[in-house]
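Lettering follows sequence order; numbering is per chain, from 1. We use all heavy atoms of the structure for the numbers below, so side chains are in, but hydrogens, waters and symmetry mates are not. Just so it is clear, the model here is predicted, and its values are computed rather than measured.
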Protein chains: 2
Amino acid sequence: MARRPRAETMQENRQRLMAAARKAFAEKGYAAASMDELTADVGLTRGALYHNFGDKRGLMAAVVHQIDAEMAAEARRIAESTAPGWPALLAEGEAYIAMALRPEVQRIVLLDGPAVLGDPSKWPSQDSCLHATRDAVDALIADGTLLALDPEAMARMLTGAALNAALWVAASDQPDLVLPRAVVAFRQLATGFLAKPGPGLAPTRSGPQIRGLRTTSP
Amino acid sequence: MARRPRAETMQENRQRLMAAARKAFAEKGYAAASMDELTADVGLTRGALYHNFGDKRGLMAAVVHQIDAEMAAEARRIAESTAPGWPALLAEGEAYIAMALRPEVQRIVLLDGPAVLGDPSKWPSQDSCLHATRDAVDALIADGTLLALDPEAMARMLTGAALNAALWVAASDQPDLVLPRAVVAFRQLATGFLAKPGPGLAPTRSGPQIRGLRTTSP
DNA sequence: GCAATCAGATACGCTGTGTATGTGATTAAC
DNA sequence: GTTAATCACATACACAGCGTATCTGATTGC
């Protein structure tokens, strides 16, 4: 028989369990997701689950970590494809807004995550998204672009505003329609941290675009 | 016997159940709170609970509604005891930050609430806090103090930033120490919505006050 | 005073988690 | 190459907790 190394199949099983968990948690919510069902879906039993993740919460932690990492990576990609500095920070925030519209992110990371794992800043993953934003803020403070306040607080408020805006957008009747308004408001709010606020504020001009579009730099 | 009217004792039982629920939900979290224990604590059984609130979630909704209303009332009181207009809006936001430090508010409203009941904007209570902030924003837009963006989005982001900041403060090692920094950052961020940003930004001047106590500025 | 109502209690079933134990395959020792 | 140890996962069990269906004694309206 194809003697596959043990560690390999184990890794694959972990992946499959996490994939199933993402699906179940996103669709039914953490509380309503049955571990029995979930494991059966990928041809395993709860035995495998408890062996790999300790308990249901452990699986949740792993899933949240994974999604969080993906989000941070995507935000970083977007930020890097933008003019560095202030526009990149804005782009990052907008990226979070856009990502938070995905049901998976919304349900797992924003709604159930804090309830199950506590505040994001204490997550095992240490919350990559927050970290990334904090780094960006640090750089912009050193840079003189932003006011020298507590960078942790600033990062926290920016991501908080962005993610909260996203929840609002998602809960609305026509997400596609209100999304641009949220983005505009976010951009405007963020200017509060600028060391020298741009003179002409023309927020609604130049059409707010998300995901890849040029952010108007002051 | 003292023939108390039925509606009266029923009302009292409801109150007692809710009081017990606030305690249990705050201390153990929604998921870990046992309805059997909770009802026994006030000398009742689950029968009373299901009769009055439908199910566990119904009880949670009632509790959240109650706390939310209390928060909104308190915020309003604070706002009214401040110079009307912009300062009042800031005071309101700061009040939310301070209130969110209370374990009850934090655990029930901020962490478990969204997971159990969904996004605050869809809560039965319609989220009084959000509503209050929105009204304040509306007035300040009409007033010309704030930029005329989507008021819903603005309110959402302000409360989002405030509450997120509070969670951050609460999760920190020395809440008392970082709270002032959060307040300063909040005040500064909020200026982003001002129609004409003040020239000299002296956020720490005039002492950010939380619940009546003067925060030490570093 | 009597019947209808109703708040709350009692009893039951069921789902789901966690744990303790079992087992067959893989790995490592000799 | 055989054997012993390990280990990933399965099986079996105990138990807590939610929801519902049914019951009961008190209150209310007539």
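- For the segment residues 21-39 of chain B, the set of residues with a heavy atom within less than 4.0 Å of an atom of DNA chain C is empty.
- At whole-Å resolution of the value, CG in B:Asp55 and P in D:dC18 are 11 Å apart.
- Listed by chain and number, the residues in a side chain to side chain contact (heavy atoms under 4.5 Å, CB included) with B:Arg57 are B:Tyr30, B:Asp55, B:Val116, B:Leu117 (sequence neighbours excluded).
- For the residue pair A:Asp36 / A:Ser34, no side-chain donor-acceptor distance below 3.5 Å is found, with atom types taken as modelled.
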Could you go through residues 163-170 of chain B and list every donor-acceptor pair under 3.5 Å that involves a side-chain atom there, pairing it with any protein atom two or more places apart or in another chain?
{"unit_1": "B:Asn164", "atom_1": "OD1", "unit_2": "A:Arg156", "atom_2": "NE", "d": "3.0"}
{"unit_1": "B:Asn164", "atom_1": "OD1", "unit_2": "A:Arg156", "atom_2": "NH2", "d": "3.3"}

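- Proximity of residues 45-54 of chain B to DNA chain D (heavy atom under 4.0 angstrom from any strand atom) is restricted to B:Arg46, B:Tyr50.
- Of the candidates D:dA10, D:dC18, C:dG18, the closest approach to any side-chain atom of B:Lys56 belongs to D:dC18.
- When rounded to the nearest whole Å, the span between CD of A:Glu8 and P of D:dC9 equals 13 Å.
- In this structure A:His131 satisfies the side chain to side chain contact (heavy atoms under 4.5 Å, CB included) test together with A:Gln126, A:Asp135, sequence neighbours excluded.
- In this entry the distance linking CG of B:Leu17 with P of C:dA7 reads 13 Å, nearest Å.
- Partners of B:Asp112 according to the side-chain hydrogen bond (donor to acceptor under 3.5 Å, both in side chains) rule, which considers only residues two or more places apart in sequence or in another chain, are B:Arg107.
- In this structure, A:Asn13 does not reach the D:dA8 phosphate: none of its side-chain N or O atoms is under 4.0 Å from OP1 or OP2.
- Partners of B:Gln15 under the side chain to side chain contact (heavy atoms under 4.5 Å, CB included) rule, at least two apart in sequence or in another chain, are B:Gln11.
- The CG atom of A:Leu59 sits 13 Å away from the C1' atom of C:dT17 (whole-angstrom rounding).
- The list of ring pair (Phe, Tyr, Trp, His ring centres under 6.0 Å) pairs with a residue in residues 106-128 of chain A, not counting sequence neighbours, is empty.
- Contacts of B:Ala88 classified as side chain to side chain contact (heavy atoms under 4.5 Å, CB included), with partners at least two apart in sequence or in another chain: B:Ala79.
- Following rounding to the nearest Å, B:Glu12 (CD) and C:dG8 (P) show an atom-to-atom distance of 10 Å.
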